[in-house]
Amino acid sequence: MTGLFAAAPSAVSFDTPANIAFAVIAVVMVIAAVRVVTTRNVVHAALWLMIVLGGNGLLYLLLQAEFVAMTQFLVYLGAIVVLFLFGIMLTRAPLGRSDDLDNDQRWMGVAVSLILLVVIGYSLIKTYSDDKLTFGAVRNAGTNAQTQDLATSIFVDYLVPFEVVSVLLLAALIGAIVLARRD
Amino acid sequence: MLLNQFLLLGAVLFCIGVYGVLARRNGVMVLMSIELILNAVNINLVAFGAMNGDLGGQVFALFVIAVAAAEAAVGLAIILALSRRSHSVDADQFHALRD
C-alpha cells in the first residue's frame with residue numbers, strides 16, 4: 001500500500017505502534033490456535049477458536065480492511081462459533097474433559113505440520129523479505145469511501161463470482177437442511 | 001510493517017490447522033481445524049491485497065468467509081447425520097466404504 005506517508009516523510013509514522021499491536025495479536029493467536037488443537041475439552045476448543053477468529057479480525061483492521069474485519073466479527077464470531085457449539089451439543093460430545101480426543105497419528109501429524117512449516121517459511125523468507133506494508137492515510141476521512149470502493153469492486157469486477165457464491169450458499173442451506181432432517 | 005510477518009503468521013496458523021485435521025478424532029474438532037486453515041489463507045489474501053493496493057484480495061477474503069460458512073453448515077449436518085446413524089463422531093470409525 002503506497003500511502004501518503006511515502007510522499008510526505010515529515011508526517012507521523014504509525015509503524016511502531018502497528019508492529020507492537022501485531023506482535024501482541026500474533027502471540028495471542030498462536031497460543032489460542034495451539035490450544036484449539038491440543039485442549040482436552042471440546043467446548044473449550046470452540047471458545048479458543050473464538051479468540052483466534054477475533055484476532056484475525058483485528059489483523060484485518062491493522063491491514064485497513066475494515067469491511068472484511070466487520071464481516072469476520074459478524075459471520076465468524078456471531079454465526080460459525082455458535083454453529084460449532086450447537087454441533088457439539090447435538091452430537092452429544094463429552095462436555096467435560098476427555099482423554100481420547102486425539103488419534104494415534106498425532107506424532108505423524110506433528111512431523112507433517114513441522115515439515116510444511118519449514119518449507120513454507122523458507123520460501124516466504126526467501127521470496128518476500130524485502131516487501132513492506134505502510135499505513136496509508138485514510139482517504140476522505142469521515143466518509144465510507146473505502147467500503148464504497150470495495151462494493152464497486154465486488155459488483156463490477158467480481159460480479160460473476162459473487163453470484164456463484166450466493167448460489168453456493170443457497171445450495172449449502174438446502175443441503176444442510178436435507179442432511180440434518182430427521183426422517 | 002513487513003509483509004512477511006503477516007505471511008509467516010498465516011503459515012504458522014495453517015500448519016497448526018493441518019496438525020489438528022490429522023490428529024483430532026472428533027469430527028467437530030476436525031471442522032474447527034479446517035476453519036483455522038481457511039482463516040490463515042484469509043490473512044494472506046488481505047495482506048497481499050494491501051501490498052499491491054488492490055481490492056481483489058479483500059473481495060476474495062469475503063468469498064472465502066462465505067464459502068467457509070457454507071462448508072461449516074454442510075460439514076456439521078453430515079457429522080450430525082453420521083452421529084445419528086452410528087452414535088459416534090469418531091472419524092476413525094467411519095470405514096463403511098472400506099469393508
Side-chain angles (χ1 to χ4, degrees), chain A residues 1-2 15 18-19 22 26 30 33-34 36-37 42 45 49 52-53 56 59-60 63 65 68 71-72 75 79-80 83-84 87-88 90-91 93 100-103 105-106 109-110 112-113 116-117 120-121 124-125 128-129 131-133 149-150 153-154 158 161 165 168-169 172 175-176 179-180, chain B residues 1-9 11-20 22-29 31-33 35-36 39 42-43 46-47 49-51 53 55-56 58-63 65-74 76-81 83-84 89 91-92:
Chain A
M1 202 183 294
T2 50
D15 225 30
N19 275 328
F22 176 85
V30 170
V34 169
V36 170
V37 295
V42 188
L49 182 68
V52 181
L53 301 176
N56 232 314
L59 283 187
Y60 298 153
L63 288 167
V68 186
T71 314
Q72 170 90 8
V75 175
I80 293 188
L83 199 63
F84 275 122
I88 291 169
L90 286 174
T91 55
D100 59 340
L101 281 178
D102 288 344
N103 55 26
Q105 330 169 21
R106 65 180 296 183
V110 171
V112 167
S113 56
L116 198 59
L117 182 63
I120 299 177
L124 284 181
I125 289 172
Y128 292 110
S129 52
D131 291 302
K132 285 187 171 37
L133 295 170
D149 284 352
L150 186 62
S153 185
I154 289 178
Y158 299 101
V165 165
L168 173 79
L169 270 180
L179 279 172
Chain B
M1 289 189 292
L2 293 172
L3 173 66
N4 241 344
Q5 62 196 49
F6 288 93
L7 300 185
L8 287 175
L9 176 65
V12 171
L13 290 176
F14 185 91
C15 294
I16 294 173
V18 168
Y19 167 75
L22 289 175
R24 284 307 205 182
R25 204 188 274 273
N26 188 323
V28 183
M29 314 271 295
L31 281 181
M32 283 185 205
S33 307
E35 295 298 325
L36 278 182
N39 268 284
N42 263 350
I43 297 178
V46 177
M51 181 185 77
L55 284 173
Q58 296 187 29
V59 173
F60 275 94
L62 289 171
F63 288 162
I65 290 176
V67 172
E71 175 259 349
V74 175
L76 279 173
I78 290 174
I79 289 174
L80 196 58
S83 82
R84 283 214 194 101
V89 286
D92 291 342

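Model, not experiment: these values are computed from the prediction. Letters go in sequence order (proteins before strands), and every chain restarts at 1. No hydrogens, no waters, no symmetry mates; every other heavy atom, side chains included, goes into these values.
- Within the 4.5 angstrom heavy-atom criterion, only side-chain atoms of A/V165, from C-beta onward, approach chain B.
- For the atom pair B/L2 CG and A/D131 CG, the distance stands at 9.0 Å (nearest 0.5 Å).
- Residues B/V46 and A/A65 approach most closely at CG1-CB, 3.8 Å, considering heavy atoms.
- If you tally non-hydrogen atom pairs under 4.5 Å between each of B/I78, B/I43, B/V67, B/L31 and chain A, the highest count goes to B/I43.
- Closest of all the heavy-atom pairs between A/G121 and B/L8 is CA-CD2, 3.9 Å.
- With a threshold of 4.5 angstrom between heavy atoms, B/L13 approaches chain A through side-chain atoms but not through N, CA, C or O.
- Interface remark: A/V52 contributes side-chain atoms only to the contact with chain B (heavy atom separation under 4.5 Å).
- In this structure, A/A180 and B/R84 approach most closely via the heavy-atom pair O-NH1, 3.2 Å.
- Rounded to the nearest 0.5 angstrom, B/L7 CG and A/I120 CD1 are separated by 10.5 Å.
- Both the backbone and the side chain of B/M32 come within contact range of chain A, with heavy atoms under 4.5 Å apart.
- If you measure heavy-atom distances from A/L124 to chain B, the contacts under 4.5 Å come from both the backbone and the side chain.
- Between B/Q58 and A/L63, the closest side-chain pair of non-hydrogen atoms is not below 4.5 Å.
- Atom OG1 of residue A/T71 and atom CG of residue B/L62 lie 5.0 Å apart, to the nearest 0.5 angstrom.
- Of the listed residues (B/C15, B/A70, B/G20, B/A77), the one with the most heavy-atom contacts under 4.5 Å to chain A is B/C15.
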**Prompt:** Can you check side chain to side chain contact (heavy atoms under 4.5 Å, CB included) on B/Q5 and A/N19, steps first, answer last?
**Reply:** CA-CA 9 Å; B/Q5 62 196 49; A/N19 275 328; 3.2 Å; yes
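- Interface remark: A/N56 contributes side-chain atoms only to the contact with chain B (heavy atom separation under 4.5 Å).
- Heavy atoms of A/F22 lying under 4.5 Å from chain B belong exclusively to its side chain.
- The shortest distance between side-chain heavy atoms of A/V112 and B/Y19 does not fall below 4.5 Å.
- For B/L55, the parts lying under 4.5 angstrom from a heavy atom of chain A are both the backbone and the side chain.
- When B/V18, B/V12, B/L80, B/I79 are compared by the number of non-hydrogen pairs under 4.5 Å with chain A, B/L80 comes out ahead.
- With a 4.5 Å cut-off on non-hydrogen atoms, B/L76 touches chain A through its side chain but not through its backbone.
- Looking at A/L49, only its side chain comes within 4.5 Å of chain B, counting heavy atoms on both sides.
- Ranked by non-hydrogen atom pairs under 4.5 Å with chain A, the options B/V28, B/V59, B/V74 are led by B/V59.
- When every heavy atom of A/V37 is checked against every heavy atom of B/L36, the shortest pair comes out as CG1-CD1, 4.2 Å.
- Under the 4.5 Å side-chain criterion, counting only non-hydrogen atoms from C-beta, B/I16 is in contact with A/V34.
- For the pair A/V75 and B/A69, the tightest heavy-atom approach, listed with the atom from each and the gap, is CG1-CB, 4.4 Å.
- Across all non-hydrogen atoms, the minimal contact from B/G56 to A/Y158 is CA-OH, 3.5 Å.
- Taking OH from A/Y128 and CE from B/M51, the interatomic distance works out to 6.0 Å, rounded to the nearest 0.5 Å.
- Of the atoms belonging to A/I80, it is side-chain heavy atoms, and not backbone ones, that fall under 4.5 Å from chain B.
- For a residue to count as touching a neighbouring chain, one of its non-hydrogen atoms must lie under 4.5 Å from one of that chain's; by this rule A/A33 touches chain B with backbone and side chain alike.
- How far CG of B/N26 is from OG1 of A/T91: 6.5 Å, rounded to the nearest 0.5 Å.
- At a 4.5 Å heavy-atom cutoff, the contact between A/V36 and chain B is made by backbone and side-chain atoms alike.
- Counting heavy-atom pairs closer than 4.5 Å to chain A, the top-ranked of the candidates B/F63, B/F60, B/F14 is B/F63.
- Using a 4.5 Å cut-off between heavy atoms, A/V30 touches chain B through backbone and side chain atoms alike.
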